[in-house]
Protein chains: 2
Amino acid sequence: MTAPSDARARGTRLPRVRRRRQLLAAAQEVFVARGYHAAAMDEIADRAGVSKPVLYQHFPGKLELYLALLEEHSEVLVEKQREALESTDDNRQRVIASFRAYFDFVAGDGEAFRLVFESDLRNLPAVREKSEETFQRCAELIGAVIRQDTSISDEEAHLLSIGLVGMAETSARYWLNNHGSVPKDAAEQLVARLAWRGISGWDLQRAAGEQD
Amino acid sequence: MTAPSDARARGTRLPRVRRRRQLLAAAQEVFVARGYHAAAMDEIADRAGVSKPVLYQHFPGKLELYLALLEEHSEVLVEKQREALESTDDNRQRVIASFRAYFDFVAGDGEAFRLVFESDLRNLPAVREKSEETFQRCAELIGAVIRQDTSISDEEAHLLSIGLVGMAETSARYWLNNHGSVPKDAAEQLVARLAWRGISGWDLQRAAGEQD
DNA sequence: CCCTCATCTTACTCCGGCGTAGGTTCCCCC
DNA sequence: GGGGGAACCTACGCCGGAGTAAGATGAGGG
């Protein structure tokens with residue numbers, strides 16, 4: 001499926017930085033396809049058309065290689081999220097843009113989102129912290145918007161943001177796994193509407209007595 | 001933390017079924033604390049106050065042991081969810097009960113929820129399928145209720161359900177990791193309100209022209 | 001009292017996979 | 001054109017952990 005990049009002629013020499021980039025790409029493919037534990041350094045080297053020691057001349061170990069990728073893609077997600085929220089002043093549009101950002105992230109870059117959302121190494125503190133930090137940063141961006149327009153407490157706003165981010169992540173992943181059943185635009189809009197209905201006018205309802 | 005069950009006197013013999021139950025309990029503790037990969041069969045046996053071959057007289061291998069636990073707790077979650085939705089005919093109360101079920105599940109039984117929600121073995125097809133099946137079954141229960149009261153299409157209702165389940169799971173997990181910041185009741189109610197606002201009266205809005 | 005069978009133990013084998021020692025080839029610059 | 005250094009290779013050490021033989025122990029029936 002999707003012709004695996006360049007298992008190059010196993011004979012071409014490359015300048016250091018170029019090789020490093022290629023190794024990262026190869027590692028991403030393997031980590032995404034197999035997960036951390038089932039990924040073998042041999043396979044990563046093979047896929048890059050190179051032998052194992054070369055890999056170790058660029059990265060001190062398997063873990064560091066993995067962390068480099070995790071770091072990179074976590075940053076991408078947060079950045080996409082920030083851009084989405086800064087793209088407009090209309091909160092309804094913000095919600096839509098925010099969800100689109102999640103769907104874009106999940107749809108993009110060789111399924112790299114699996115490193116961030118589905119890592120099989122979350123039991124390692126370093127990885128757990130990075131994952132949670134990414135999650136929290138996304139939630140915090142959204143929480144700031146919520147707080148801006150409601151009188152809700154900080155902690156409650158944060159919990160709501162967490163829920164919304166979870167909804168975005170989950171529905172985006174589900175949508176990807178079931179491509180074809182719903183087009184991307186429609187899925188984004190649908191879930192965004194659910195979220196927007198949920199938060200818009202929060203204060204008004206509360207003041208009115210918390211009914212229906 | 002919470003005195004680790006019974007690392008028994010390592011000398012007491014037990015009838016077969018009793019031993020089996022105890023082994024499952026020990027395995028759960030270790031799998032939950034360490035994840036599948038970092039969990040050692042030696043440690044599981046130790047924790048049960050028994051030697052490794054005994055473990056293999058009850059379960060053919062590490063994987064089967066793990067699957068037995070996964071299966072068991074997946075079933076618990078779905079059952080809790082079903083009960084919650086059957087507990088009332090008022091949809092607003094249904095939403096609240098449904099979220100409470102998630103929070104209860106996450107709060108209960110030695111954090112066994114980590115096996116279902118945070119397995120580090122999802123790259124194995126058998127595990128992936130079980131996890132997704134559980135998720136889908138929860139979503140389907142909710143989807144049925146949504147379809148009952150709206151004219152929304154089946155596929156769209158399902159996607160919304162997925163989003164809601166993701167929100168429940170995510171917020172429940174977050175709440176557990178940050179105990180003390182918000183009491184359980186308040187957290188449940190808050191997130192449930194978000195969800196209820198999101199879905200209630202969906203058709204009315206749609207008919208009115210999809211504004212705000 | 002002793003035989004039998006189920007329960008349990010010690011002490012291994014085996015294998016996959018990370019990481020490395022030591023030697024080789026090719027390019028570039030003087 | 002040859003010396004030097006960077007890029008690369010083959011081949012191995014080694015360790016953790018799953019799973020397994022082969023023997024010890026204790027409880028109940030004859």
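Quick note on labels: first sequence line is chain A, next is B, and so on, each numbered from 1.
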Less than 6.0 Å separating the ring centroids of A/Phe113 and A/Phe103?
no

Just how far, in rounded Å, is P of D/dG19 from CG of B/Leu65?
10 Å

Give me the residues of residues 54-61 of chain A where at least one heavy atom lies under 4.0 Å from an atom of DNA chain C, by number, or none.
A/Tyr56, A/Gly61

C/dG17 P sits how many Å from A/Arg34 CZ, rounded?
10 Å

Out of C/dT10, D/dC8, D/dA18, minimum distance to the side chain of A/Ser51 belongs to D/dC8

Could you check whether A/Pro53 gets within reach of a base, just the sugar-phosphate, or nothing at all, counting any heavy atom under 4.0 Å?
base

Has the side chain of B/Arg16 got a donor or acceptor atom sitting under 3.5 Å from an opposite partner on the base of C/dT7?
no

B/Asp46 atom CG is separated from C/dC8 atom C1', nearest whole Å, by 14 Å

I need the CZ-P distance between A/Arg18 and D/dC8, as an integer number of Å.
13 Å

Over all atoms of both residues, closest heavy-atom pair of B/Ile162 and B/Ala139:
CD1-CB, 3.8 Å

Given 3.5 Å as the limit, does a donor-acceptor pair link the side chain of A/Arg128 with the main chain of A/Arg122, or not?
yes

Can a donor-acceptor pair under 3.5 Å be found between the side-chain atoms of B/Arg13 and the base atoms of D/dT25?
yes

What is the distance, rounded to the nearest whole Å, between atom CE of A/Met41 and atom P of C/dT20?
10 Å

Using a heavy-atom cut-off of under 4.0 Å over every strand shown, decide if A/Ala39 touches base, sugar-phosphate, or nothing.
sugar-phosphate

Among pairs that include at least one residue of residues 62-95 of chain A, which meet ring-ring contact (aromatic ring centres under 6.0 Å, His included), considering only residues two or more places apart or in two chains?
A/Phe31-A/Tyr66, A/Tyr36-A/Tyr66

Within the side chain of A/Glu156, is there an N or O that forms a donor-acceptor pair under 3.5 Å with the backbone of B/Leu190?
no

Expressed as a whole number of angstroms, how long is the span from B/Leu14:CG to D/dT25:P?
20 Å

Any N/O donor-acceptor pair, B/Lys52 side-chain to D/dG19 base, under 3.5 Å
yes

In whole angstrom, give the distance that lies between atom OH of B/Tyr66 and atom C1' of D/dA18.
17 Å

Interatomic distance, A/Arg19 CZ vs C/dC27 P [rounded to whole Å]:
13 Å

With a 4.5 Å limit on heavy-atom distance, are the side chains of B/Ile199 and B/Asp149 in contact?
no

For A/Asp120, does its backbone N or O pair with a side-chain atom of A/His37 as donor and acceptor, under 3.5 Å?
yes

